[in-house]
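Report on the structure given below.
We count ligands from 1, going down the list as the structure has it; atoms in each ligand are counted the same way.
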Amino acid sequence: MGTWIINGSVPVRGQNRLEKKHVLVENGKIAAILDDAAEGAPDTVGHEIIDAAGKLLSAGFIDMHVHLREPGFEYKETIATGTRSAARGGYTTIACMPNTRPVIDKVETVNYVLDKAETEGIVRVLPYGCITKNQLGRELTDFAAMKEAGVVGFTDDGVGVQSAQMMKDAMALAASMNMPVIAHCEDNTLVEGGSFTEGEFARKNGLKGIPNESEAIHVGRDILLAEATGVHYHVCHVSAEQSVRLIRHGKQFGIKVTSEVCPHHLLLSDEDIPGMDPNWKMNPPLRTPKDVEAVIAGLEDGTIDIIVTDHAPHSEEEKARDLQMAPFGIVGFETAFPLLYTKFVRTGRWTLEFLLDRMTSKPAELFGLPWGILEVGRAADLTLVDLETEKAVDPAQFLSKGRNTPFAGWKLYGWPSLTMVAGKTVWSE
Ligand code: DOR
Ligand code: ZN
Ligand code: ZN
């Protein structure tokens with residue numbers, strides 16, 4: 001017995017419209033896809049039925065940059081709560097950052113995360129391993145052993161790798177084993193103590209600003225190192241106009257550089273910050289309106305490849321501290337698709353296909369993953385989305401332990417209503 005998901009709406013490639021399809025799920029895989037117009041309704045006798053009438057049917061979303069906080073910061077999030085939050089956001093595969101406690105810098109910790117994900121997680125969890133031991137930037141980790149254990153790449157996300165030589169060594173080693181290096185770009189000598197971008201908001205409030213160059217200097221440095229070593233180099237959470245320019249230039253030269261952007265950097269600038277509210281504090285910070293235009297243009301012309309959330313839950317107590325002491329980061333899973341669908345697709349700037357590609361097939365392609373495509377024979381990782389009901393963002397309803405979002409109260413369309421991983425419904429409204 002299988003499950004027929006009937007009457008789903010699926011985007012037609014290259015055309016800005018949806019068509020009605022029926023999808024048969026058997027043994028965790030997509031066994032058939034019927035085009036309603038050409039083939040009519042399926043014979044569902046003996047099968048379970050999920051009626052997706054009026055819903056978008058998409059490959060499950062893939063988020064290559066998230067913080068699940070386990071081990072060590074279970075008060076902020078666990079693999080159990082983080083994957084539930086992801087499922088509620090329509091995500092079926094997520095890649096988690098190693099800035100836990102202990103950090104994920106050896107096989108034992110990789111295995112710990114994979115075991116937890118297996119027993120307590122409800123979506124696929126792919127761990128990253130650290131570039132340097134304890135993320136201190138002094139000594140490389142054992143890449144080969146962690147690759148063997150199952151990491152999907154190496155990163156010190158949370159901090160930048162300060163030494164160019166260390167980064168070059170990491171890239172050479174990663175390249176030799178065909179693994180990507182994923183970089184949080186931040187030169188510490190340029191950020192000392194800043195919480196917000198060097199712009200209107202910092203000036204008005206007499207705060208020390210974080211300059212764009214603190215990010216872009218690492219981007220430029222690393223692109224040259226990627227050219228020298230031949231590694232696949234992936235830039236995290238691009239926020240500055242200069243970074244977009246450098247990545248565009250690198251791609252023009254055929255250097256293997258790819259990059260990602262977060263919803264908040266596409267939608268908010270420092271001029272939107274309402275006041276001294278730590279829910280608007282993240283790293284990299286919200287930049288100026290000019291930077292926002294640049295990252296949007298970068299995504300649109302392919303300079304930026306994919307969309308990620310940088311889901312970064314923190315406790316209410318931590319986020320209640322004063323601005324300087326509060327940690328950087330906002331949660332992302334449960335608002336990402338509705339935000340981008342409402343603000344870029346419903347407004348007519350992007351097609352639905354454009355947005356979905358950057359949240360499904362493109363991340364899969366970049367990291368060589370077998371998911372992200374709605375096709376017979378693939379794993380049945382699927383998401384249904386209600387495109388027509390308007391609802392306000394209500395952090396009290398989040399399945400994440402984190403409530404730290406600047407988007408509370410935003411009225412949005414595009415709410416996921418069912419998430420399926422390998423043929424199993426892991427979350428539904
Ligand atoms: O905003 C952020 N939060 N940026 C980072 O680089 C780290 C992350 C976290 O771990 O909270
Ligand atoms: Zn980061
Ligand atoms: Zn991060």
Query - Contacts of Tyr233 that satisfy ring-ring contact (aromatic ring centres under 6.0 Å, His included) - sequence neighbours left out - result: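 ring-ring contact (aromatic ring centres under 6.0 Å, His included) check on Tyr233 returns nothing, list empty.
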
Report task. Establish, from distance only, whether the side-chain atoms of Glu77 and His67 form a donor-acceptor pair under 3.5 Å. Result ->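 Result is no, nothing qualifies.
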
Are there any N/O pairs under 3.5 Å between ligand 1 and the protein, and if so, what are their distances?
from     : atom 1 : to     : atom 2 : distance (Å)
ligand 1 : 1 (O)  : Asn283 : N      : 3.0
ligand 1 : 1 (O)  : Asn283 : O      : 3.4
ligand 1 : 1 (O)  : Gly329 : N      : 3.3
ligand 1 : 3 (N)  : Phe328 : O      : 3.2
ligand 1 : 4 (N)  : Asn283 : O      : 2.8
ligand 1 : 6 (O)  : His184 : ND1    : 3.2
ligand 1 : 10 (O) : His67  : ND1    : 3.4
ligand 1 : 10 (O) : Arg69  : NH1    : 2.9
ligand 1 : 10 (O) : Asn99  : ND2    : 2.9
ligand 1 : 11 (O) : Arg69  : NH2    : 2.7
ligand 1 : 11 (O) : His314 : NE2    : 3.1
ligand 1 : 11 (O) : Phe328 : O      : 3.2

Out of [options], which residue meets the side chain to side chain contact (heavy atoms under 4.5 Å, CB included) rule with [X]?
X	options	result
Leu382	Leu418, Thr425, Val25	Val25
Trp415	Thr342, Val385, Leu387, Val393	Val393
Met97	Leu68, Val103, Ile182, Asp156	Ile182

**Report entry** Of the protein N/O/S atoms, how many lie under 2.8 Å from the Zn ion (ligand 3)
**Finding:**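 Counting protein N, O and S atoms closer than 2.8 Å to the Zn ion (ligand 3) gives 4.
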
Query raised in the report: Which heavy-atom pair separates Leu399 from Arg84 by the least distance, and what is that distance?
Result: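 Looking at all heavy atoms of both residues, the closest pair is CD1-O, 3.5 Å.
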
Query raised in the report: Honestly, is Arg101 close enough over Phe73, meaning NZ or CZ under 6.0 Å from the six-membered ring centre and within 45° of the axis?
Result: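 Relative to the ring axis of Phe73, which defines the angle, Arg101 lies inside both limits.
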
Query raised in the report: If you round to the nearest 0.5 Å, how far is CG of Leu114 from OG1 of Thr109?
Result: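 Answer for the OG1-CG pair, Thr109 versus Leu114, is 11.0 Å.
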
Report task. Using the test salt bridge (Lys or Arg N to Asp or Glu O under 4.0 Å), find all partners of Lys133 that sit at least two apart in sequence or belong to another chain. Result ->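 Once residues adjacent in sequence are excluded, the partners of Lys133 under the salt bridge (Lys or Arg N to Asp or Glu O under 4.0 Å) criterion are Glu139.
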
